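Fair warning: this is a prediction, and the values are worked out from it, not measured in the lab.
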Amino acid sequence: MTQTIGELLETAADRALPVVRGIDDGQLGGPTPCAEYDVRALLNHLFLVVVNFQALAAREDVDFGQEPEFVTGDWRGRFGDETARLVAAWSVPGVEEGTTGRMGLPARTVGLMVLGDLTVHAWDLARATGGDFVPERSVLDEVGPGLAAMAPQAREMHMFGEPFPVPESATAFERLLAVTGRDPGWTPGRTAGGSGAGGASGS
């Protein structure tokens, strides 16, 4: 049985939260697999995604051009609060029906975008800060085909990098990361590869 976006987001958030809570303030200036973002900037971006996709679930307009500073005060606690609101927003009956956003995309497709962002950016942050992250299989089964399908358009819009070459032995998650332009073997000492975003949110 197909899981709802709300259920999938709850599962993904449960995996992402320990990564975010485990980040030390001294790591905020470190590099990430997203070449244009350090850890602080990527956290701010992920916060923006989580907040804006709450609005998209409610059929409200959003602006991804604004980059507010979210990493202040108890930002770890706030991330937990905002992801809980994201799950709630995408758990409202009928939320996956119709379209949402300026592009008029199917609502479930938009929900899968934020699911992809939450999953891939959790990996980015874990890899950047020495944390552990492996997505739940149910999430990977939804996100993998979804990101692969939108990859050509995402590259045209400069949201994904060029596919990163991986061996035939690569896991499903490594292949997903490679589709977004990431090097699945990236470490803070390696700067090549991985400029893609993992979603159509402009990440």
Side-chain angles (χ1 to χ4, degrees), residues 1-17 19-20 33-34 42 45-64 79 82-126 133-161 163 171-182 184 194 196-203:
M1 180 178 177
T2 301
Q3 287 188 284
T4 66
I5 294 298
E7 291 169 338
L8 291 164
L9 283 171
E10 184 172 21
T11 299
D14 284 345
R15 289 293 177 99
L17 283 171
V19 174
V20 172
C34 298
L42 185 56
H45 171 73
L46 184 54
F47 261 107
L48 182 64
V49 168
V50 169
V51 169
N52 278 355
F53 274 83
Q54 295 170 33
L56 286 171
R59 304 327 197 238
E60 298 172 359
D61 290 334
V62 299
D63 182 4
F64 281 99
F79 187 77
E82 294 295 354
T83 53
R85 292 188 184 103
L86 179 70
V87 171
W90 284 94
S91 299
V92 174
V95 71
E96 296 183 34
E97 300 172 6
T99 61
T100 187
R102 291 181 181 177
M103 297 175 68
L105 293 172
R108 185 172 174 88
T109 298
V110 174
L112 289 173
M113 288 177 184
V114 69
L115 184 69
D117 268 18
L118 187 58
T119 300
V120 176
H121 288 323
W123 177 86
D124 289 331
L125 291 167
F133 178 79
V134 178
E136 285 278 1
R137 186 74 204 191
S138 60
V139 172
L140 184 58
D141 287 346
E142 288 285 347
V143 170
L147 293 189
M150 71 175 65
Q153 183 178 5
R155 290 188 193 105
E156 289 181 6
M157 299 171 70
H158 305 291
M159 293 186 295
F160 285 4
T171 66
F173 188 41
E174 288 170 340
R175 293 182 186 280
L176 181 155
L177 294 169
V179 161
T180 71
R182 287 167 170 76
S201 61
S203 50

Only counting residues at least two apart or in another chain, list the ones meeting side-chain hydrogen bond (donor to acceptor under 3.5 Å, both in side chains) with [X].
X	result
R175	none
S91	none
Q153	none

Would you find a donor on one side and an acceptor on the other, under 3.5 Å apart, between the side chain of [X] and the backbone of [Y]?
X	Y	value
E96	I5	yes
R15	V134	yes
R182	G161	no

side-chain contact (heavy atoms from CB on, under 4.5 Å) partners for [X], two or more places apart:
X	value
V51	Q54, F70, E82
A12	L115, L118, T119, V139
V62	N52, A55, L56, F64
T171	F173, E174

Any side-chain heavy-atom pair from [X] and [Y] closer than 4.5 angstrom?
X	Y	value
V143	P135	no
V20	T83	no
D117	M113	no
T100	F53	no
M103	V110	no

Taking all heavy atoms of [X] and all of [Y], pick out the closest pair and write down the distance.
X	Y	value
F133	A122	CE1-CB, 3.6 Å
V179	A151	CG1-CB, 3.7 Å
L42	C34	CD1-SG, 4.3 Å
A172	L140	CB-CD2, 3.8 Å
D124	H121	OD2-ND1, 2.9 Å

Separation between CE of M150 and CG of L112, rounded to the nearest 0.5 Å: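 Going from CE on M150 over to CG on L112, the span is 7.0 Å.
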Nearest 0.5 angstrom please: W123 CH2 to T180 OG1, how far?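 If we round to the nearest 0.5 Å, W123:CH2 and T180:OG1 are 8.0 Å apart.
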For residues 138-152, which residue pairs pass the salt bridge (charged side-chain N to carboxylate O under 4.0 Å, His left out) check, not counting sequence neighbours?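 Sorted pair list: R108-E142, R137-D141.
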List in chain and number order the residues that pass salt bridge (charged side-chain N to carboxylate O under 4.0 Å, His left out) with E60, two or more places apart in sequence or in another chain; answer none if no residue qualifies.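 Partners of E60 under the salt bridge (charged side-chain N to carboxylate O under 4.0 Å, His left out) test: none.
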I'd like to know whether W90 forms a side-chain contact (heavy atoms from CB on, under 4.5 Å) with L8, so could you lay out the CA-CA distance, the side-chain angles of the two residues, the decisive distance to 0.1 Å, and finally the verdict. CA-CA 10 Å; W90 284 94; L8 291 164; over 6 Å; no
